[in-house]
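Residue numbers begin at 1 in each chain, while the letters A, B, ... track the order of the sequences.
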2 protein chains.
Amino acid sequence: MSEQIKTLFEEHDIKFTTARSSILEVLKEAHHPLNYEQIKEKMSVVMDKATFYRNIAKFEESGIVHKFEADDRKWYFELSSTTHAHFICEHCHQITCIDVDLGKVEGEVKSIVLKGTCKECHV
Amino acid sequence: MSEQIKTLFEEHDIKFTTARSSILEVLKEAHHPLNYEQIKEKMSVVMDKATFYRNIAKFEESGIVHKFEADDRKWYFELSSTTHAHFICEHCHQITCIDVDLGKVEGEVKSIVLKGTCKECHV
DNA sequence: TAATCAAATGCAACTTAGTTGTGACTTAGA
DNA sequence: TCTAAGTCACAACTAAGTTGCATTTGATTA
């Protein structure tokens with residue numbers, strides 16, 4: 001387990017378990033949001049989906065992980081970082097992180113999701 | 001039925017039915033996106049959810065209606081108009097339409113969803 | 001190191017928005 | 001009015017995510 005992840009557990013007063021570190025390990029390696037299925041495939045340990053979702057909920061509560069819905073009725077997860085936008089292509093379903101300048105928006109924005117056709121799929 | 005809706009059916013070569021006009025009537029009156037339950041409540045006729053979703057699918061195909069997922073695992077529908085953003089408050093779950101200036105984004109953007117805390121809920 | 005106990009896990013059953021198959025019924029057009 | 005193509009209601013289904021509960025695990029204390 002990486003030092004970075006160990007520190008996350010300590011900072012947020014979360015009990016260490018192999019299941020939890022395995023989830024965070026995957027999210028740390030990925031550089032874009034992943035859903036349950038994708039994370040499951042990459043994880044080194046096998047765990048029940050109930051365990052997965054409960055741990056994700058814990059991470060969310062602590063602000064370690066951020067989640068959002070794409071257009072496929074699935075939750076996508078990523079390690080929290082500065083607020084940035086996600087572009088979801090309706091054709092290839094690829095999710096990419098992008099920087100956008102919103103200008104002024106009233107209220108506090110926590111997530112931004114754009115949908116459409118990415119430049120690869122756009123004719 | 002309003003002339004506007006009658007015209008929509010003709011323009012898009014969609015067969016007229018009471019179920020269909022009832023759905024569009026509700027969407028026309030609403031000035032923000034609604035989900036199935038909300039539309040059902042407001043509709044003057046009773047229809048099966050299968051009928052509802054199949055008709056919505058038809059409208060989408062024709063580009064009359066636009067849909068997106070909020071953060072509650074439900075689809076929200078509205079009449080298509082110029083591309084604008086939706087702000088979903090994580091506290092009061094109110095969905096509001098807002099104008100944002102995205103600057104340059106590669107690809108073609110069809111929908112923009114912002115989530116966070118609206119100014120009413122923000123302390 | 002062993003005992004303790006709150007917290008985490010696995011399993012199975014459940015929830016629910018949305019989807020699909022099918023036979024009966026409408027609608028538009030001749 | 002008659003007919004074919006399309007639409008409808010009903011019921012059964014799908015699947016991501018949730019919940020209850022008995023068992024296991026890991027941080028803490030002795």
Distance, nearest 0.5 Å, that separates NE2 of His86(A) from NZ of Lys115(A): 12.5 Å

Lys110(B) and Glu90(A) ion-paired at < 4.0 Å: yes

Polar atoms only, N or O, under 3.5 Å: list the protein pairs with nucleotides 26-30 of chain D and their distances.
residue: dA27(D); atom: OP1; partner: Phe16(A); partner atom: O; Å: 3.4

Between dT25(D) (P) and Arg20(A) (CZ): distance, integer Å: 15 Å

Partner set under side chain to side chain contact (heavy atoms under 4.5 Å, CB included) for Ser62(B), not counting sequence neighbours: His12(B), Ile14(B), Ile64(B)

Rounded distance [0.5 Å steps], NZ in Lys28(A) versus CD1 in Ile5(A): 5.0 Å

Spacing of CE belonging to Met43(A) relative to CD belonging to Glu41(A), to within rounding of 0.5 Å: 10.5 Å

Any residue of residues 43-62 of chain A with a heavy atom less than 4.0 Å from an atom of DNA chain D: Lys49(A), Ala50(A), Tyr53(A), Arg54(A)

Aromatic plane relationship, Phe59(A) with Phe9(A) - under 30° parallel, 30 to 60° tilted, over 60° perpendicular: tilted

Nearest-0.5 Å distance, CD1 of residue Ile88(A) to OG1 of residue Thr96(A): 9.0 Å

Interatomic distance, Gln4(A) atom CD to Leu79(A) atom CG [nearest 0.5 angstrom]: 7.5 Å

Between C1' of dA16(D) and CD1 of Ile39(A), the distance in whole Å: 14 Å

Within 6.0 angstrom of Lys42(A) NZ, more than 12 heavy atoms from elsewhere: no

Degree of bending in the helix from dT1(C)-dA30(D) to dA30(C)-dT1(D) once both end axes are built from five pairs, to 10°: 30°

Closest approach of Ile39(A) to Phe77(A) (non-hydrogen atoms, all atoms of both residues): CD1-CD1, 4.0 Å

Spacing of Asp99(B) atom CG and Ile112(B) atom CD1 [to the nearest 0.5 Å]: 9.5 Å

Lys67(A): salt bridge (charged side-chain N to carboxylate O under 4.0 Å, His left out) partners, not counting sequence neighbours: Glu60(A)

Heavy-atom closest contact (Tyr36(A) atom, Met47(A) atom, distance): OH-O, 4.4 Å

Chain B footprint on DNA chain C, 5' to 3' - any atom under 4.0 Å from a heavy atom: dA17(C) to dA28(C)

